[in-house]
Amino acid sequence: MKKFLFALGTAVLISGCASKMSSSAAGPVAVATLEAKSGSTAHGTVRFAEAADGQVTVSLDLTNVPAGSHGFHVHEKGDCSSADASSAGGHFAPMGNQHGAPTAAQHHAGDFGNITVAADGNVKTSFVTRSVTVSPGPTSVVGKAVILHEKADDLVSQPSGNAGARISCGVINLLGM
């Protein structure tokens, strides 16, 4: 029994050290607090965490979102001041690409496709992308806005996928390196 407890304790200690090592090797993190727009009640947070290899994990935690599929994008301006979030401008497209699915060869850096919301109106999900960075550079999301749209993005229509009204908006702010 003592050997088992020693082995268990050692495993926990090693696991904790590995966790600290991997978090110290992580890159910068940014967060957006989304507020309801266009008469909706959708709100929550979106977190962008850049790994050492440049891959960015985007994590969503949203509530009061209408059930169904919704377009989800980074927009070019970090301004959510207007009631309809039009102040955030168009999709974030620093390379001048056309709108498309996030898996398409040609798409905006901010084209994240769609999220699906269950009947309870809550979304807690994440995905990984290499289309944007948190680190400084032309594809950095820091200072941009995250938009949740009322309808699904058709992933084809130009310039923004025919996703309808902007029902939630948040400015992306750097948390740290």
Side-chain angles (χ1 to χ4, degrees), residues 18-34 42-62 65 68-80 85 87-118 122-164 166-177:
S19 174
K20 285 188 184 268
M21 287 171 51
S22 66
S23 65
S24 67
V29 174
V31 173
T33 301
L34 277 68
H43 64 278
T45 58
V46 178
R47 181 176 187 268
F48 297 82
E50 186 172 329
D53 67 358
Q55 181 169 273
V56 175
T57 300
V58 182
S59 304
L60 293 80
D61 188 357
L62 310 175
V65 181
S69 213
H70 300 272
F72 179 68
H73 310 108
V74 174
H75 283 243
E76 63 189 343
K77 298 177 188 171
D79 182 355
C80 295
S87 53
H91 289 188
F92 179 47
M95 305 310 187
N97 292 343
Q98 297 249 344
H99 174 69
T103 56
Q106 179 91 207
H107 67 279
H108 299 144
D111 286 343
F112 289 163
N114 295 302
I115 62 166
T116 302
V117 182
N122 296 318
V123 177
K124 195 163 197 158
T125 190
S126 63
F127 60 90
V128 174
T129 182
R130 289 190 177 276
S131 295
V132 297
T133 64
V134 178
S135 300
T139 59
S140 177
V141 295
V142 176
K144 309 302 182 212
V146 175
I147 298 282
L148 181 67
H149 289 270
E150 96 181 290
K151 301 186 300 187
D153 183 333
D154 67 16
L155 309 175
V156 178
S157 298
Q158 300 301 322
S160 60
N162 199 27
R166 301 166 183 203
I167 63 170
S168 195
C169 183
V171 177
I172 305 166
N173 295 297
L174 185 65
L175 282 185
M177 295 294 269

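Computed from a predicted structure; not experimentally measured. Numbers for residues simply follow the sequence, beginning at 1.
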query: Taking Glu50 for the side chain and Val134 for the main chain, is one N or O donor matched with an acceptor at less than 3.5 Å?
result: yes

Listed by chain and number, what are the side chain to side chain contact (heavy atoms under 4.5 Å, CB included) partners of [X], not counting sequence neighbours?
X	value
Thr116	Ser69
Asn173	Val171
Ala93	His108

query: Could you walk me through whether His70 and Ile167 pass the side chain to side chain contact (heavy atoms under 4.5 Å, CB included) check?
result: CA-CA 10 Å; His70 300 272; Ile167 63 170; 4.1 Å; yes

Say you draw a straight line from [atom1] of [X] to [atom2] of [Y]; how long is it, rounded to the nearest 0.5 Å?
X	Y	atom1	atom2	result
His107	Met95	NE2	CE	11.0 Å
Leu62	Thr45	CG	OG1	7.0 Å
Ser140	Ile172	OG	CD1	8.5 Å

- prompt: Between Val58 and Val141, does a side chain to side chain contact (heavy atoms under 4.5 Å, CB included) hold up when you go through it step by step?
  reply: CA-CA 11 Å; Val58 182; Val141 295; over 6 Å; no

Determine the minimum heavy-atom distance between [X] and [Y], stating which atoms define it.
X	Y	value
Ala109	Pro94	CB-CD, 3.7 Å
Leu60	Phe127	CD1-CE2, 3.9 Å
Ser135	Pro28	OG-CG, 3.6 Å

statement: Across all chains, not counting sequence neighbours, the side chain to side chain donor-acceptor pair (under 3.5 Å) partners of Ser87 are Asp79, Ser82

statement: For Asn114, the side chain to side chain donor-acceptor pair (under 3.5 Å) test, sequence neighbours excluded, returns none

- prompt: Taking the side chain as C-beta and beyond, is there a heavy-atom pair between Ser131 and Asp111 under 4.5 Å?
  reply: no

message: Test of understanding: with ring-ring contact (aromatic ring centres under 6.0 Å, His included), list the residues that count as partners of Phe72, not counting sequence neighbours.
response: Phe112

Donor-acceptor list for residues 145-153 side chains, cut-off 3.5 Å, not counting sequence neighbours:
{"residue": "His149", "atom": "ND1", "partner": "Gly164", "partner atom": "O", "Å": "3.1"}
{"residue": "His149", "atom": "NE2", "partner": "His73", "partner atom": "ND1", "Å": "3.1"}
{"residue": "His149", "atom": "NE2", "partner": "His75", "partner atom": "NE2", "Å": "3.4"}
{"residue": "Glu150", "atom": "OE2", "partner": "Ala165", "partner atom": "N", "Å": "2.9"}
{"residue": "Asp153", "atom": "OD1", "partner": "His99", "partner atom": "NE2", "Å": "2.9"}
{"residue": "Asp153", "atom": "OD1", "partner": "Leu155", "partner atom": "N", "Å": "2.6"}
{"residue": "Asp153", "atom": "OD2", "partner": "His73", "partner atom": "NE2", "Å": "2.7"}
{"residue": "Asp153", "atom": "OD2", "partner": "His99", "partner atom": "NE2", "Å": "3.1"}

query: Which pairs, with at least one residue in residues 124-144 and sequence neighbours excluded, count as a salt bridge (charged side-chain N to carboxylate O under 4.0 Å, His left out)?
result: Asp53-Arg130, Asp61-Lys124

- request: Using the test salt bridge (charged side-chain N to carboxylate O under 4.0 Å, His left out), find all partners of Asp154 that sit at least two apart in sequence or belong to another chain.
  value: none

task: Step by step, work out the side chain to side chain contact (heavy atoms under 4.5 Å, CB included) result for Val31 and Arg47.
output: CA-CA 4 Å; Val31 173; Arg47 181 176 187 268; 4.1 Å; yes

- prompt: Passes side chain to side chain contact (heavy atoms under 4.5 Å, CB included), Phe48 versus Val74? Steps please.
  reply: CA-CA 11 Å; Phe48 297 82; Val74 174; 4.3 Å; yes

